[in-house]
> 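Following this message is one structure expressed as structure tokens.
Chain A is the first sequence line, chain B the second, and so forth, proteins listed ahead of strands; every chain is numbered from 1.
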Amino acid sequence: MINSQVRVRFAPSPTGYLHVGGLRTALYNYLFARKNNGKFILRIEDTDRNRYVEGAVENLIAALHWAGLNYDEGPDIGGPFGPYMQSHRLEIYNRYAEELISQDKAYYCFCTPERLEALRQEQQRQKLPQAKYDKHCLHLSKSEIEENLLKGIPKVIRLNVELNQKIEFDDVIRDHVEFDSNNIDDQVLIKSDGYPTYHLANVVDDHLMQITHVIRGEEWLSSTPKHVLLYDAFGWERPVFAHLPLLLNPDRSKLSKRQGDVAVEDYRDKGYLKEALINFVALLGWNAGDDKEFYYMDELIEKFSLERVNKSGAVFDLQKLNWLNAEHLRKKSDEEILSLLKKELSNSEYKGQFYSDEKLLLIIHAMKERVNFVKDFIYNCRYFYEAPMEYEQKAIEKNWKEDTPQQLLRLKTEFENLVNPSKEDFEHALTKVAEELKIGKGKLIHPLRLAVSGQSTGPGMFDLLFILGKDEVIKRIESAIKNIKSVKA
RNA sequence: GGCGCGUUCGUCUAGUGGCUUAGGACGCCGCCCUCUCAAGGCGGAGAUCACGGGUUCGAAUCCCGUACGCGCUACCA
């Protein structure tokens, strides 16, 4: 072990999308691998034929790539220990299961689902503390087994769990954990369709792929004794185990679809930045021990350690994610945001229109401190892209008074005299009007803002006017004056 | 039911026997800045550290018990 390289894997079953809990598991594996100059492997655990979902693997891979969790070996890129899709490794599992049988550490079981069901019911009726298979087929004679096999009676292969054994293992996160083998069922290893169960496939592959650290969700803690038994039965060295705390709904149940979005794709489509999602999810169950909350991937790699992972579940709090998203967005350069904004625009109702990079950059600069998402650069300030169709009702009542049309008219003529006005020119013009009318600048700014943007909030007045440009400003003042008359009539 | 794991402000968490009148962050509230909204700055409310016993001069921190929550208990992963 001293010289062995760290090798970890993310081993999802392809359910159709990448769960955010899965994203965090993948992230911790990734961080641990990168931190230790190890390898990060993607392995698809598709051993349940009933759960086959078209395109699921492709989705999973796309989500992982989007998040920046690039693996060193995997189904699409191969590697020295492939194939990385369990459904392509069936012979391997069967070979190892047979090996166990030859050593009496596993056995064929021909029991029908009906008998199993009846057994379960009987055990329940007797209120036995634990429902387990009764090892009926363990006691079949050699000839009976031969005969059943020859007849082609459906069979499974079960692990032969010895009674009265103490099974113990160490977990980086949970410390020492102990189980009594009397509580452990003779787990099915190979199903009647010839596919392995998770337990066998997982252990065999982790060994064959030379996985050194098994970092997975806490839901696997209870099955770890079965895995430990398998490692021991094969005479293989156990990996280091690290069982991660679960991600929870606000009501503290396991994070589920019912109570919100759980797919990484959902968050991506809602406009969350991958940097923010990664940052957020990394902090759900781990921290460096200091007050730092804002991280980029390379800093996470540098600081990460399994020892500092928490034991208890963490609620997925959208408000904090939103804050992190805004933080990450603000930290981006205007040029970086520009390309994100252009992509967003090409998917918006404004996709046919042309907006120069110059103008877009001005919008970005003006709005950067006021947005949480890239799409807010469009929908929080539509007035940059089109003249207002209507005016905020509350703001009309507050800002548009009897003398507003006159004042706007006065501003309009003043603006008309400007030649290629800068932001400052607009400001001087407005100041001049305010002085002439003997009123505060605010008295002009608020009605003007409403006239020109339809809203009562936004970036600084003169930034707004400058970005819109003289001609557009004048046009909007004119139509606002008309609207005031009809509104106030 | 059985087995396992967990339990510090609403949420994410710091804390590994004295530095703690339990610190930070999100959210909330207030003030400042200010043409609005943000951002930023300052401040506030918010946790008898689940509960009960021990150990100790001293416990959120160690031990035991209880409660509650979650996970597993499939030829699902």
Side-chain angles (χ1 to χ4, degrees), chain A residues 11-15 45-48 50-51 109 111 113 116-117 120 123-124 127-132 154-158 171 173-174 177-180 182-185 187-199 201-202 216-225 243 245-246 248 250-254 280 283-294 310-324 326-327 330 367-372 380-381 395 398-399 427 430 434 440-446 448-450 453 455-462 464:
Chain A
S13 73
T15 54
E45 310 230 325
D46 57 343
T47 56
D48 186 355
N50 302 319
R51 281 224 253 171
C109 171
C111 291
L116 261 21
E117 183 51 36
R120 241 189 303 269
Q123 287 173 338
Q124 218 165 57
K127 291 206 191 326
L128 289 183
Q130 69 265 357
K132 280 170 59 184
K155 61 169 194 304
V156 302
I157 296 176
R158 284 182 185 275
D171 185 288
I173 295 161
R174 324 252 153 206
V177 186
E178 286 184 16
F179 287 82
D180 184 339
N182 293 352
N183 290 318
I184 294 169
D185 206 357
Q187 188 61 51
V188 169
L189 265 20
I190 300 281
K191 301 179 244 183
S192 57
D193 63 3
Y195 277 64
T197 57
Y198 172 86
H199 309 287
N202 189 267
R216 71 217 319 183
E218 194 194 343
E219 68 266 31
W220 294 109
L221 191 60
S222 301
S223 9
T224 304
H243 287 94
L246 262 19
L248 311 173
D251 70 357
R252 306 205 75 83
S253 56
K254 189 174 163 182
F280 175 62
L283 258 19
L284 247 30
W286 172 87
N287 72 85
D290 52 27
D291 289 340
K292 191 171 163 64
E293 304 252 27
F294 185 89
N310 295 145
K311 297 178 199 309
S312 50
V315 173
F316 194 92
D317 177 27
L318 264 185
Q319 285 188 313
K320 192 148 190 175
L321 208 209
N322 289 341
W323 170 73
L324 271 173
E327 286 289 300
R330 274 194 285 277
M367 293 298 293
K368 211 171 178 180
E369 308 286 280
R370 291 161 239 268
V371 298
N372 292 317
N380 283 9
C381 49
K398 192 175 170 204
N399 295 312
E427 179 157 15
L430 184 136
K441 277 159 58 171
K443 286 270 183 288
L444 286 176
I445 286 174
H446 296 299
L448 178 60
R449 172 187 298 286
L450 183 59
S453 74
Q455 293 183 200
S456 59
T457 65
M461 186 73 255
F462 308 107
L464 180 51

> Can a donor-acceptor pair under 3.5 Å be found between the side-chain atoms of A:R158 and the base atoms of B:rC75?
no

> Rounding to the closest angstrom, what is the interatomic distance between B:rC31 and B:rA14 at atom C1'?
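Nearest-Å result for B:rC31 against B:rA14 at atom C1': 29 Å.
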
> Any idea which of B:rC75, B:rA77, B:rC12 is nearest the A:V188 side chain?
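My answer, after comparing the listed nucleotides, is B:rC75.
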
> In terms of relative ring orientation, are A:W220 and A:Y198 parallel, tilted or perpendicular, with 30° and 60° separating the classes?
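Ring orientation, 0 to 90° scale: parallel.
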
> Paired with B:rC37 by Watson-Crick or G-U wobble geometry, both distances under 3.5 Å: which nucleotide is it?
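Base-paired to nothing in any strand shown.
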
> Grab the CZ-P distance between A:F316 and B:rG27 for me, whole Å please.
16 Å

> Report yes if at least one side-chain N or O of A:K191 is closer than 4.0 Å to OP1 or OP2 of B:rC76; otherwise report no.
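Affirmative; the distance criterion is met.
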
> Want to settle it: does A:G313 or A:F462 sit nearer the 5' end of RNA chain B, counting the closest nucleotide to each?
A:G313

> Say you pick atom C1' in B:rG15 and the same atom in B:rC62; how far apart are they, in whole Å?
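The answer is 15 Å between these two C1' atoms.
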
> Please tell me if A:T47 has a side-chain N or O lying less than 4.0 Å from either OP1 or OP2 of B:rA77.
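For B:rA77, OP1 or OP2 has a side-chain N or O of A:T47 closer than 4.0 Å.
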
> May I ask you to verify whether the side chain of A:R174 and the base of B:rC5 hold a donor-acceptor pair under 3.5 Å?
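Result: no qualifying N/O pair found.
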
> When we call it a touch if two heavy atoms are under 4.0 Å apart, what does A:K441 touch: a base, just sugar-phosphate, or nothing?
nothing

> Quick one: closest heavy-atom pair of A:E219 and A:S223, and the distance?
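Closest heavy-atom pair between A:E219 and A:S223: O-OG, 4.3 Å.
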
> Checking all strands, does A:P14 fall into the base, sugar-phosphate, or nothing category for heavy-atom contacts under 4.0 angstrom?
nothing

> Heavy atoms under 4.0 Å, any strand shown: does A:P250 hit a base, just sugar-phosphate, or nothing?
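Since no nucleic acid heavy atom lies under 4.0 Å of A:P250, the category is nothing.
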
> When the distance from CH2 of A:W286 to P of B:rG15 is rounded to whole Å, what number comes out?
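Roughly 12 Å, once rounded to whole Å.
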
> With rounding to the closest Å, how many angstrom separate the C1' atoms on B:rG6 and B:rA50?
12 Å

> Assess whether one donor atom and one acceptor atom, taken from the side chain of A:K368 and the base of B:rA38, lie less than 3.5 Å apart.
no

> Does A:N287 make a side-chain N or O approach to OP1 or OP2 of B:rA14 shorter than 4.0 Å?
yes

> Could you measure between the two P atoms, the one in B:rA22 and the one in B:rG27, and give it in whole Å?
25 Å

> Calculate the interatomic distance between A:D291 atom CG and B:rU13 atom P; express it in whole Å.
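It works out to 15 Å between those atoms.
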
> Please give the nucleotide sitting opposite B:rG1 as a Watson-Crick or G-U wobble pair, both distances under 3.5 Å, or none.
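Across all strands, the one nucleotide that pairs with B:rG1 is B:rU73.
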
> When we call it a touch if two heavy atoms are under 4.0 Å apart, what does A:S192 touch: a base, just sugar-phosphate, or nothing?
base

> Can you tell me if A:D48 uses its side chain to pair, donor with acceptor, with the backbone of A:N50 under 3.5 Å?
yes

> Where the side chain of A:H446 is concerned, which of B:rG4, B:rC35, B:rA25 is the nearest nucleotide?
B:rC35

> CD of A:Q455 versus P of B:rU36: gap in Å, rounded?
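Rounded to whole Å, this separation is 16 Å.
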
> Which nucleotide wins on minimum distance to the side chain of A:L116, given the candidates B:rC26, B:rC75, B:rU36?
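Of the candidates, B:rC75 comes closest.
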
> Pick the nucleotide of RNA chain B nearest each of A:A11 and A:G285; which residue has the one closer to the 5' end?
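On the 5' side of the pair lies A:G285.
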
> So which nucleotide does B:rC68 pair with, by the Watson-Crick or G-U wobble rule with both distances under 3.5 Å?
B:rG6

> By nearest atom, which of the nucleotides B:rG4, B:rG71, B:rA25 is closest to the A:K320 side chain?
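Nearest to the side chain of A:K320 among the choices is B:rA25.
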
> Heavy atoms from C-beta onward define the side chain here; which of B:rC70, B:rC72, B:rC35 lies closest to that of A:S222?
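For the A:S222 side chain, the nearest candidate turns out to be B:rC72.
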
> Taking pairing as Watson-Crick or G-U wobble with both contacts under 3.5 Å, can you name the mate of B:rA14, or confirm there isn't one?
none

> Which nucleotide in the set B:rG71, B:rC26, B:rG4 lies at the smallest distance from any side-chain heavy atom of A:L221?
B:rG4

> For the side chain of A:K191 and the backbone of A:T47, is there at least one donor-acceptor N/O pair under 3.5 Å apart?
yes

> Using modelled atom types only, decide if a donor and an acceptor are shared between the side chain of A:Q455 and the backbone of A:C381 within a distance under 3.5 Å.
no

> At less than 3.5 Å, do the side-chain atoms of A:R252 and the base atoms of B:rC70 form a donor-acceptor pair?
no

> The side chain of A:R370 lies closest to which of these nucleotides: B:rC72, B:rU36, B:rC75?
B:rU36

> Of the candidate nucleotides B:rA77, B:rC26, B:rU7, which contains the atom at the shortest distance from the side chain of A:W323?
B:rC26

> Using the C1' atom in both, what is the distance from B:rA47 to B:rU8, to the nearest Å?
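After rounding to an integer number of Å, I get 7 Å for this pair.
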
> What integer number of Å spans the P atoms of B:rG46 and B:rG23?
12 Å

> Counting N and O atoms only, with roles assigned by atom type, does the side chain of A:R449 sit under 3.5 Å from a partner on the main chain of A:P459, one being a donor and the other an acceptor?
yes

> Has A:R174 got a side-chain atom pairing as donor or acceptor with A:H243's backbone, closer than 3.5 angstrom?
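Pair found, side chain donor or acceptor close to backbone of A:H243.
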
> My understanding is that a pair needs two contacts under 3.5 Å, Watson-Crick or G-U wobble. By that rule, which nucleotide pairs with B:rA45?
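Partner of B:rA45: none.
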
> Send over the distance from A:K311 NZ to B:rU13 P, rounded to a whole Å.
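Taking NZ of A:K311 and P of B:rU13, I get 13 Å after rounding.
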
> Return no unless some side-chain N or O of A:N310 is found under 4.0 Å from OP1 or OP2 of B:rA14.
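A:N310 to B:rA14 OP1/OP2: side-chain N or O found under 4.0 Å.
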
> Rounded to whole angstroms, how far apart are CG on A:D251 and C1' on B:rG69?
11 Å

> Taking the C1' atom in each of B:rU13 and B:rU7, what is the distance between them to the nearest angstrom?
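The answer is 14 Å between these two C1' atoms.
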
> Sticking with atom P, work out how far B:rG30 lies from B:rA38, rounded to a whole angstrom.
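12 Å, rounded to whole Å.
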
> Could you tell me whether A:V371 contacts a base, only the sugar-phosphate backbone, or nothing, with contacts defined as non-hydrogen atoms closer than 4.0 Å?
nothing

> How long is the straight-line distance from CG of A:N399 back to CG of A:L444, given to the nearest 0.5 Å?
11.5 Å

> Report the distance from atom NZ of A:K127 to atom P of B:rG1, rounded to the nearest whole Å.
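From A:K127 NZ to B:rG1 P: 11 Å.
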
> If you take all heavy atoms of A:E45 and A:S13, which pair is closest and at what distance?
O-CB, 3.3 Å

> Which part of the nucleic acid, if any, lies within contact of A:V156, taking any heavy atom under 4.0 Å across all strands shown: a base, the sugar-phosphate backbone alone, or nothing?
base

> Of the nucleotides B:rU13, B:rA77, B:rC75, which one has an atom closest to the side chain of A:P113?
B:rC75

> What's the NE2-P distance between A:H243 and B:rC72, to the nearest Å?
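Roughly 12 Å, once rounded to whole Å.
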
> Measure from the side-chain heavy atoms of A:D317 and tell me the nearest of B:rG10, B:rU36, B:rG71.
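Out of B:rG10, B:rU36, B:rG71, the nucleotide with an atom closest to A:D317's side chain is B:rG10.
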
> Please classify the nucleic acid contact of A:E293 as base, sugar-phosphate, or nothing, using heavy-atom distances under 4.0 Å.
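Base contact.
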
> Would you mind classifying the nucleic acid contact of A:C111 as base, sugar-phosphate or nothing, using non-hydrogen atoms under 4.0 angstrom?
base

> Ignoring hydrogens and geometry, is there a side-chain-to-backbone donor-acceptor pair from A:D290 to A:K292 under 3.5 Å?
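Yes.
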
> Could you tell me which nucleotide pairs with B:rG27 by Watson-Crick or G-U wobble geometry, both distances under 3.5 Å, or answer none if nothing does?
none

